[in-house]
Protein chains: 2
Amino acid sequence: MVTIKDIAKLAGVSHTTVSRALNDSPLIPEGTKQRIREIAASVNYTPNFNAKSLVLARSFHVGLFFSTLDKGTTSGFFHETVTGALSVIKDRYHLIVNAIDSYGGAYGSVTPQSFDGIIVMSQSHADESFIRYVWEKRIPLAVINRRAEPLPVVNVLSDDEAGVFRAVEHLIGAGHRRIAILEGKTGFQSSQNRKNGYLRAMAKHGLDVPQPYQVAGDFDLESGYIGMQQLLACDPLPTAVFCSGDELAVGAMKAARSRGLSVPGDISIAGFDDNAFSAFVSPALTTVKRPVVSMGRLAAEGLLRALAERRQTVETIRVPTELIVRESVGPAPTP
Amino acid sequence: MVTIKDIAKLAGVSHTTVSRALNDSPLIPEGTKQRIREIAASVNYTPNFNAKSLVLARSFHVGLFFSTLDKGTTSGFFHETVTGALSVIKDRYHLIVNAIDSYGGAYGSVTPQSFDGIIVMSQSHADESFIRYVWEKRIPLAVINRRAEPLPVVNVLSDDEAGVFRAVEHLIGAGHRRIAILEGKTGFQSSQNRKNGYLRAMAKHGLDVPQPYQVAGDFDLESGYIGMQQLLACDPLPTAVFCSGDELAVGAMKAARSRGLSVPGDISIAGFDDNAFSAFVSPALTTVKRPVVSMGRLAAEGLLRALAERRQTVETIRVPTELIVRESVGPAPTP
DNA sequence: GCATACGATGCACACGTTAACAAGAACTGA
DNA sequence: TCAGTTCTTGTTAACGTGTGCATCGTATGC
C-alpha cells in the first residue's frame, strides 16, 4: 500500500509537506500542491482512514439505528429512512446500519471513536436506554420519530396525531359514527400518538369509543387480518375502521372481504403511512402520508450541522402529515 | 478516554501485559487476566478500534452495496437482504450500507483499509465495474443475485429461471395459451433470467410469444400499471400475464380492474418474489418465492468464512425458488 | 549444585497520519 | 547591509494498539 511517505520520497520532500499539500493547507504554495497531487494520483494513493481516525479522533462513520429490524419495522419505512439519510451523508461519511434490539442491552461496541454521530429512528420507548447511552458517551445524536426530551438533541418529528385527527374527522364527515381503531404495536410511541389523534377526534364529536373497538396490532399484515377478525366479532359492527398503519389496513381489508363484506360498501377503512403499495390495492387506500424520506434527510442534515459546529445542536424539526383521500372510505351505510 | 496504558498503571504492569490479557493471549496466566479484566471493566474501558485497525490492518467493517437504492430496488428486497446479512454479521463487524450508483464511478473511498469484506447485491450489469474494482483491490467479496464469473468469489444465486418456468407451466396447466410477460427493469440480470424461464416454458409447450406480449417494466407498482395498460391494448387479449415482480403484478391487477376485468375471472396474473403484501392483496397473488433473507445470510456467512481463512473462498451457493399458489390464477376463460 | 528450559513480563518499535515547533531561505524596509 | 518579517519546509512527537525480542526469575532434570 502506498503511503504519504512514499509520495514524499518521490517528490523529494518530507511527508509533512505531502500531508499538508493533500489536505490543501494554506502553508503550501499552489505549485507544490499541484505537483504533489499529481504524483499522488499517478501512484493512485488512497489515504488510510484508520490512521487519520486515530490521530484526528474522528471515525468518518455515522450510525443509523432502528429499534428493531425484523419485529415491527415495515420495509418501506426502513427503505425510505435509509435512502433519505444516505442522500445527504453520501460520500462524506459511511453509514452503518443496525437494529438496537440486536445488542441485547450491551452497547459496548458503540463508542465515540467508532461513530462521529448517530441517528436513531426511534419507534419504541425501549430505545430509551440506548439513546441515553449514546448521549452519555457524548456522541452527537439525532432522534427521529419520537420525542427525545429531556435530552437536547436534533429531533425530527412528524405530526401523526394531527394527521390521524384529520383522517378520523374525514370518516366522521362521511357519516360514520361507530368507528373502531386498529392500533399499532404496543409500546411504540407512534402507536400512542395515532391513538391520541383518534380519541381526540372522537371526543370532539361526542362519539363513543367502546373497549372492543380498540384492538392492538403489530404494524404488519397478519396482525391486521387477525385484529380485523376481532373487530368483526363486535355487535354492533363498526362501520369504519381507522388502522394505524397501511399494512394493518390491507390485512384488515382482506379479513373484511373474506367475511363477505365489501370495502367501502359495507365498511370503510383508512390507513396511515401511504406505503408504496397503498395506491395500488383495491380499493385504493385512503391514508395519512408521512414524509419518511424527508425525515431521514432532515435528521442527517441536522446531525451533520452539529458535527460541523463541533457541538450538540438542539433543534426540533416538525414535518407535517397529509391526508390522502382515495377509495377505501365511503359514506356510512344507512341502517 | 481510558486506554490500556491507564489500566497498566492501575494494575502495576506494562501496557503490553494489558493488551495481551485483554486479547486472551496464552502468554498470560489466568489469574493476571482476571485481575486486569476486572480493572478494565471497573473503569469501563472500551478499546479504540481505530488504533486496532491501524496496527492490525483490519477495519471491522463489512460493506453491503446495492446497485441502486431509489431506482429499482424494492423495499422488501432491501429490507430482507439487510436483515439477513445483519443476522450473521451481528456485533462481529459493523455493516456499512450504500448504493453503487451513488458513487458515480468514483470508488475512491472504497479501500481495503476501510472494508474487511464487501457484499454486493448485484442487480444490474452496471455493477460490473464496481465488482471488478473491489476485486482488484483484493477486498474479499461476495456477490448475490448475479453471476460473478469469471471472478472467483462467493456467489449466491437463486434459481429464478426454474421458478418462472414452473409458474408459467402452472398457467399453461390451467389452460392458458395466450400468456404475456411484464418484464423487469431492462439491464437487470434478474429480468433476463426470469424472461428466459418464461420463454423456455412457452417454447416447450409450443406456444407463441408475439412481440406485443412482451412489455418492459421497472419493478415498481406504477410501471406495472402502465405496462398492463399496454397489454390490455393487444388484440387478442392475453388470458394470463406473468409479472417479473410482485409489485408489477399488483400494479397490473389494478390496471385490469380499472378496465372492468376481473382477476382471475377474465385474466390471470402471476408474480415473482412473494413480497410481504402478496398474500394480502385481493385476490391473493400466485407467485414465486425467493428466500431473500437467506440469501443475505448465506452471503454474509460465506464472506465471514473467507475472512476467517484469510483468503478469497470460491464458492457458488444456489438457493431454490418455490411456486406459491394462491388465488390470482384461475382457469382460462372459454372463448 | 549446576545447566537448561520455560513461564511471566517489559522494552522498544511499528502502523500512517497530523501538528506544534524549529529553522532556514527569501524578502522587506531603512 | 542588516534586522525584522514572512514564506516554505523539515524534525519530531504524538494518537492507542499489537508484537518481536530480550530479560529475569523460577522450576526441572540430572
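Per chain, numbering begins at 1; letters A, B, ... match sequence-line order.
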Does B:Asn23 reach a base, just sugar-phosphate, or nothing at all? Heavy atoms under 4.0 Å.
sugar-phosphate
Checking all strands, does A:Thr32 fall into the base, sugar-phosphate, or nothing category for heavy-atom contacts under 4.0 angstrom?
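Here A:Thr32 touches the backbone only, sparing every base.
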If the test is side-chain contact (heavy atoms from CB on, under 4.5 Å), which one of A:Val13, A:Val18, A:Ile7 qualifies with A:Ile39?
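Running side-chain contact (heavy atoms from CB on, under 4.5 Å) over A:Val13, A:Val18, A:Ile7 with A:Ile39 returns exactly one hit, A:Ile7.
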Expressed in angstrom and rounded to an integer, what is the separation of [X] atom [atom1] from [N] atom [atom2]?
X        : N      : atom1 : atom2 : answer
A:Leu22  : C:dT18 : CG    : P     : 8 Å
B:Lys33  : C:dG7  : NZ    : C1'   : 13 Å
A:Gln113 : C:dT17 : CD    : P     : 20 Å

Return each pair, listed once, that meets salt bridge (Lys or Arg N to Asp or Glu O under 4.0 Å) where at least one residue sits in residues 72-99 of chain B; pairs must be two or more places apart or across chains.
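Output for this query is empty, none listed.
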For residues 95-104 of chain A, which residue pairs qualify under salt bridge (Lys or Arg N to Asp or Glu O under 4.0 Å), counting only residues two or more places apart or in two chains?
A:Lys71-A:Asp101
Protein-nucleic acid N or O pairs under 3.5 Å, nucleotides 13-16 of chain C:
none

Which nucleotide of DNA chain D is the first, and which the last, in the 5' to 3' direction, to come under 4.0 Å of a heavy atom belonging to chain B?
D:dG16 to D:dC21
Check this for me: does the side-chain of B:Thr17 come within 3.5 Å of the base of C:dA8 through a donor and an acceptor?
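Under the 3.5 Å cut-off, the side chain and the base do not form any donor-acceptor pair.
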Once you measure the plane-to-plane angle for B:Phe77 and B:Phe66, does it fall in the parallel (<30°), tilted (30-60°) or perpendicular (>60°) bin?
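Correct class here is perpendicular.
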Tell me whether the rings of A:Phe60 and A:Phe49 are parallel (<30°), tilted (30 to 60°) or perpendicular (>60°).
perpendicular
Hey, are B:Thr111 and B:Ser114 close enough side-chain-wise for a donor-acceptor pair under 3.5 Å?
yes
Return the set of residues passing side chain to side chain contact (heavy atoms under 4.5 Å, CB included) with A:Gln189 (not counting sequence neighbours), or none when no residue passes.
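Here the qualifying residues are A:Arg146, A:Asn193.
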Listing, residues 129-137 of chain A side-chain donor-acceptor contacts under 3.5 Å, not counting sequence neighbours, or none:
from	atom 1	to	atom 2	distance (Å)
A:Ser129	OG	A:Tyr107	OH	2.9
A:Tyr133	OH	A:Tyr107	O	3.0
A:Tyr133	OH	A:Val110	O	3.2

